[in-house]
Protein chains: 2
Amino acid sequence: MSLTHALLGLLAVRPSSGYELTKSFEGDLGRYAWQAGHTSIYPELNRLAERGLVEVTHEGARGSRTYAVTPEGRAELREWLFAPPRAGRVRNEQVLRMFLISALDPKDALILLRGIAERTREGADELRRIRVENDDVPFTSPEGFGLLAAEFGVRQYDAVHSWAVWAIERLEKELARAQT
Amino acid sequence: MSLTHALLGLLAVRPSSGYELTKSFEGDLGRYAWQAGHTSIYPELNRLAERGLVEVTHEGARGSRTYAVTPEGRAELREWLFAPPRAGRVRNEQVLRMFLISALDPKDALILLRGIAERTREGADELRRIRVENDDVPFTSPEGFGLLAAEFGVRQYDAVHSWAVWAIERLEKELARAQT
DNA sequence: TGCTGACATGTCACCATTGACATGTCGCGG
DNA sequence: CCGCGACATGTCAATGGTGACATGTCAGCA
């Protein structure tokens, strides 16, 4: 299960409570890579603790428990990351929607593609603005994770934008040719 | 459920049997957007037929049934594609692995990043080769789907490659600074 | 003719995930 | 000091997907 390793990875960067981990999944992590709700995180943390891959290092207010990875957990994470990059199972509704646009008639397809092109341009611009503000964060710090995500996000938006623009041009050309 | 609309979309482009649909999910569709096995496809086709969104248009050898979308199915697909692009749930183990690299020590991280950079470069090159060979396929044909996927795939690979190269440079710079 | 591999569809038990529901704490502003 | 919103964790029924198992057909080849 990938959730196992997502949690190990987050805790390897910085010890956190289940609540904080839940917040992480609502940010860049959940947006680009893997999403999970608190209802799967808490039971998984208990399972990880039973297996000795994480441990409770601190109990705070309101019953909060701070977890940290054990050396065994770190080894497990490392092993997983170095394991042959098996064909990962992909589930991405956005990309599915993009592809299925070709099943519509060209007029509808153009409307949707133009919407995608605009939204991805805005998304990329917004991320670029955030990026310049956080340029001095070191890679290996807890905040380095957000840096990685932002850099990935910008390239992701640009890729989809470029794709949409290409598709629009191609469709328009074909429509023009069909009219003559 | 997204599988519903994935099937409607594929059948809207070209009537197919469950077996052929299964093959589609093993290609670009399953790689970039949404994956499904035959064990979920066949029951879903039956459900779609019951709801009148698809119908059997032909029965062939070995009990094969060819399905096609009905006007109702086409309307449902169109409605879904035009619906507000809700926050799609993302599940991508590859991207998760990329992000979790920052949880490793820099030496290990560099090894993995270099592997990613190399594999994505190869992937992009390979797709570019396929692309020039299929440049004359019309967008709206059944093969247009593959064209869309190839163009998306190239940009996707390039994005990840560029990200990996950026991460490598950044990490190397930080390591050099730490040594002095 | 018999074998093999691709074609073709199906069931079912198991597992992970989700959404609804539940419960209680703490800090802060009015 | 009261109430609200964020903090913090949890259960559980329903859902959706996976992998194992099952069955049979047809074409081509030896």
Side-chain angles (χ1 to χ4, degrees), chain A residues 1-8 10-11 14-27 29-31 33-51 54-68 80 86-93 96, chain B residues 1-8 10-11 15-27 29-31 33-51 54-68 86-93 96:
Chain A
M1 226 200 332
S2 295
L3 178 58
T4 308
H5 300 99
L7 293 176
L8 285 177
L10 287 172
L11 293 177
R14 167 175 40 191
S16 317
S17 67
Y19 189 81
E20 290 168 322
L21 291 168
T22 304
K23 293 289 163 194
S24 301
F25 281 97
E26 285 168 13
L29 186 66
R31 173 150 45 256
W34 204 269
Q35 58 113 49
H38 80 276
T39 55
S40 49
I41 291 169
Y42 288 117
E44 183 63 26
L45 281 172
N46 288 327
R47 256 171 274 147
L48 286 171
E50 265 174 52
R51 290 172 56 196
V54 304
E55 59 185 356
V56 176
T57 53
H58 177 74
E59 307 214 354
R62 281 168 269 197
S64 88
R65 267 158 287 146
T66 301
Y67 291 87
W80 182 73
R86 335 155 309 139
R89 46 190 63 157
V90 172
R91 281 276 147 90
N92 192 326
E93 197 182 302
L96 179 63
Chain B
M1 223 200 330
S2 295
L3 178 59
T4 308
H5 300 99
L7 293 176
L8 284 177
L10 287 172
L11 293 177
S16 316
S17 67
Y19 189 81
E20 290 168 322
L21 290 168
T22 304
K23 293 288 162 192
S24 300
F25 282 96
E26 285 169 13
L29 187 64
R31 174 150 43 252
W34 204 267
Q35 58 114 50
H38 80 277
T39 55
S40 47
I41 292 169
Y42 287 118
E44 183 63 24
L45 281 172
N46 287 327
R47 255 171 273 146
L48 286 172
E50 263 175 51
R51 290 172 59 195
V54 303
E55 60 185 355
V56 177
T57 54
H58 177 73
E59 308 214 353
R62 282 169 267 197
S64 89
R65 267 158 289 146
T66 301
Y67 290 87
R86 336 155 310 144
R89 46 189 62 155
V90 171
R91 278 279 145 90
N92 193 326
E93 197 182 300
L96 178 63

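Convention: sequence-line order gives letters A, B, ...; per-chain numbering from 1.
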List the atom pairs, donor and acceptor, that lie under 3.5 Å between side-chain atoms in residues 20-27 of chain B and the rest of the protein, sequence neighbours left out.
| unit_1 | atom_1 | unit_2 | atom_2 | d |
| --- | --- | --- | --- | --- |
| B/Glu20 | OE1 | B/Ser17 | N | 2.8 |
| B/Glu20 | OE1 | B/Ser17 | OG | 3.4 |
| B/Thr22 | OG1 | B/Gly18 | O | 2.8 |
| B/Ser24 | OG | B/Glu20 | O | 3.2 |

**Item:** A/Glu44: partners by side chain to side chain contact (heavy atoms under 4.5 Å, CB included), with sequence neighbours left out
**Value:** A/Met1, A/Leu3, A/Thr4, A/Leu7, A/Arg47, A/Leu48
**Prompt:** OG/A/Ser2 to CZ/B/Arg91 distance, rounded to the nearest 0.5 angstrom?
**Reply:** 8.5 Å
**Asked** What is the minimum heavy-atom distance between A/Tyr19 and A/Tyr42, and which atoms define it?
**Response** N-OH, 3.3 Å
**Prompt:** How does each nucleotide of nucleotides 11-25 of chain D score, in 5' to 3' order, for protein heavy atoms under 4.0 Å: base (B), sugar-phosphate only (S), or none (-)?
**Reply:** B-----SBBB----B
**Message:** Expressed as a whole number of angstroms, how long is the span from A/Tyr19:OH to C/dC26:C1'?
**Reply:** 12 Å
Which pairs would a plain distance check flag for residues 56-67 of chain B, meaning a side-chain donor or acceptor within less than 3.5 Å of a matching protein atom at least two apart in sequence or in another chain?
| unit_1 | atom_1 | unit_2 | atom_2 | d |
| --- | --- | --- | --- | --- |
| B/Thr57 | OG1 | B/Thr66 | O | 3.3 |
| B/Arg65 | NH1 | B/Tyr67 | OH | 3.3 |

**Axis bend over the full length of the helix from C/dT1-D/dA30 to C/dG30-D/dC1, computed from five pairs that close each end, to 10 degrees** = 20°
**Message:** Could you check whether any side-chain heavy atom of A/Asn92 comes within less than 4.5 Å of a side-chain heavy atom of A/Leu96, counting everything from C-beta outward?
**Reply:** no
**Request:** Only counting residues at least two apart or in another chain, list the ones meeting side-chain hydrogen bond (donor to acceptor under 3.5 Å, both in side chains) with A/Ser40.
**Result:** none
**Prompt:** Rounded to the nearest 0.5 Å, how far does NE2 of B/His5 lie from CD of A/Glu93?
**Reply:** 9.0 Å
